[in-house]
Asker: 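This is the structure, below, for whatever I ask next.
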Amino acid sequence: MFTFFRRCFALVICLVAISPLLKLHAAVKDQHSFANPEQISTTHLSLDVQVDFDKSQLRGFVEHQLKRYDAKATTLVLDTRALVIEKVQQQNAKGVWSDAVFTLGKAAGILGQSLSIKLAAHSEKVRIYYHTTADSSGLQWLSAAQTTEKQQPFLFSQSQAIHARSWIPLQDTPAVRVSYQARVRTPKQLLAVMSADNSKNLERDGDYHFDMPQPIPAYLIALAVGDLHFKAMSTQTGVYAEKTWLDKAANEFADTQHMMDVASGLYGQYPWGRYDLLILPASFPFGGMENPRLSFITPTVITGDKSLVSLIAHELAHSWSGNLITNSNWEDLWLNEGFTNFFENRIMSEVYGNARADMEYSLSVAELERSLPDLTKADQALKLQLQGRDPDEAFSPVAYVKGQLFLSYLEQQFGRQHFDAFVSLYFKTFAFQSMDTQSFLTFLQHNLLAKYPGKVTEKDVQQWVFQDGLPTNYPKRPSDAFSKVEQQLALFLAGNANWQTKDWTVHQWLHLLDKLPRNSTKQQLMNLDQQFAFSQSQNAEIFVAWAKLAIPLQYQALQQPLEQFLLKVGRSKFVVPLYRALVASPVWSEFGKNVYRQARPGYHPLTQAQVDKLYL
Ligand SMILES: [Zn+2]
């Protein structure tokens, strides 16, 4: 996922297969799941649901194909949250279905409720009949008015980190992988798509069938339903979107196939067949979500100049890091996101050149450095401690950027050739498996540190992974383009402004806004705005960076565009810091509250939860 902005029960034996290279005895405890996959695990799901926009409800059943690891185990335990379980059935060895006894555990906050199902001796299939509720946080139901076209309603899921359990009863831990099939019935005029093989037969009949033959963790099961259209970008890539965005998105992301070819050349063939993009309404709470075969993308990166397409490189890179090898526990999120940020930057470098990749790298480092003082020491380590917490809290720049910098450091120490070979071996060895930090470190030790001794010590690695702060030995990547920005800014601050900005890229503007002193005066901001019209910027990154500077000064020209932005966009990376700045402003706090009152119904439940906290 791209965003910056989650008791313990049974021991879950990590389903990492024993590699011939390593003796992995990974016993990973997923404290965020009630499930008992070490005894009985789901291998395949069949979903059959009706999408009811009038009730904002999914209803139907999910069938679990089971595998028993413990012959004595008689109870299947699943995760649920905010679901109504109507009936559970099981199939005996003769294929006959009968009602099964089930119990729902005590509600445990974000973890929801366990669903324990008593199994007969040889049952290998269960069916759970259920429906979702208004509190099913993994689904956002948008009225027609909340969509871009304003003609038809829209539904989309967001399952990461532990929201899949709020729309499907299942073993909601990234340590379990399932293949799935689905039948989804919708109003006839709408199209349904999933993280699966989306048929290129786009005939709308309200009855859609999907197959995902490759095993994926629950958090990658995804569904969207809306007035969607499709446009191919290449034989292997295409875009699903509402009409308004279709051509714009296909133009913006026209380099996707090139990115795929580059990525396959770097770390092994793209493993999922097709790669399509789904452009969501602006309320989508994240930048992107790496749902396999079909990344979900915010429209806020469609700018007309490809300036923010690193997001596509990021979601695409997850096809290897995250989707192919998956963090077995949310405390190991850096294995997903750090690798992905590293991989993303390699793709950007190959497709758009080093100069751009260097700027994006430096902007990421700046973001990490800004965020560290706000994080506890424990949250500054790559390996997180999430006991009793919401796993959504794992998503800070630490997992993403510090993880990236650790890998960049290893690349620098061992050389690109050796490090690339190591990463390729990692993806090949653990494809379609889960990975925890300790197992990764064992693999690292064996295949890099010990193989090329004297370059990186175990102590170095321990510091990067388990200590707070950012080690100073991460590779610096100076940028000529940024040096030019800094020179011009120095002149401006000295009162001798002579702006030469003709060929500046979006990244340079972002660097300027990043480097502008936080104690700049209102007059200085006004001068800049008159010249460069930041308050009117249609580039969301620039607008938000500017607004974060201008809100504390109650810069009047910003107020109206800010209101429009907050009413239109629900991406939490943008709106949460803006509301935070508004709440902190004695003069604009009330204005912020009024805007939020209007905007809130259009925001995703995850975004609502974050902004609600600010107004407590
Ligand atoms: Zn990501």
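In each ligand, atom 1 is the first atom listed, and ligand 1 is the first ligand listed.
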Asker: Would you mind naming the N, O or S atom of His318 nearest to the Zn ion (ligand 1)?
Answerer: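 Of all N, O or S atoms in His318, the Zn ion (ligand 1) lies closest to NE2.
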Asker: Going by salt bridge (Lys or Arg N to Asp or Glu O under 4.0 Å), name the pairs with one or both residues in residues 250-267, residues two or more places apart or in two chains.
Answerer: Asp255-Lys306
Asker: I'd like the atom name of the N/O/S atom in His314 lying closest to the Zn ion (ligand 1).
Answerer: NE2
Asker: Hey, are Asp612 and Arg600 close enough for a salt bridge, meaning a charged N less than 4.0 Å from a carboxylate O?
Answerer: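 Judged by the 4.0 Å cut-off on N to carboxylate O distance, Asp612 and Arg600 do form a salt bridge.
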Asker: For the Zn ion (ligand 1), what is the closest N, O or S atom on Glu337?
Answerer: OE1
Asker: Do we get Lys476 above Tyr474's six-membered ring, with its NZ or CZ under 6.0 Å from the centre and within 45° of the axis?
Answerer: yes
Asker: Between the main-chain N or O of Ala378 and the side-chain N or O of Asp468, is there a donor-acceptor pair closer than 3.5 Å?
Answerer: no
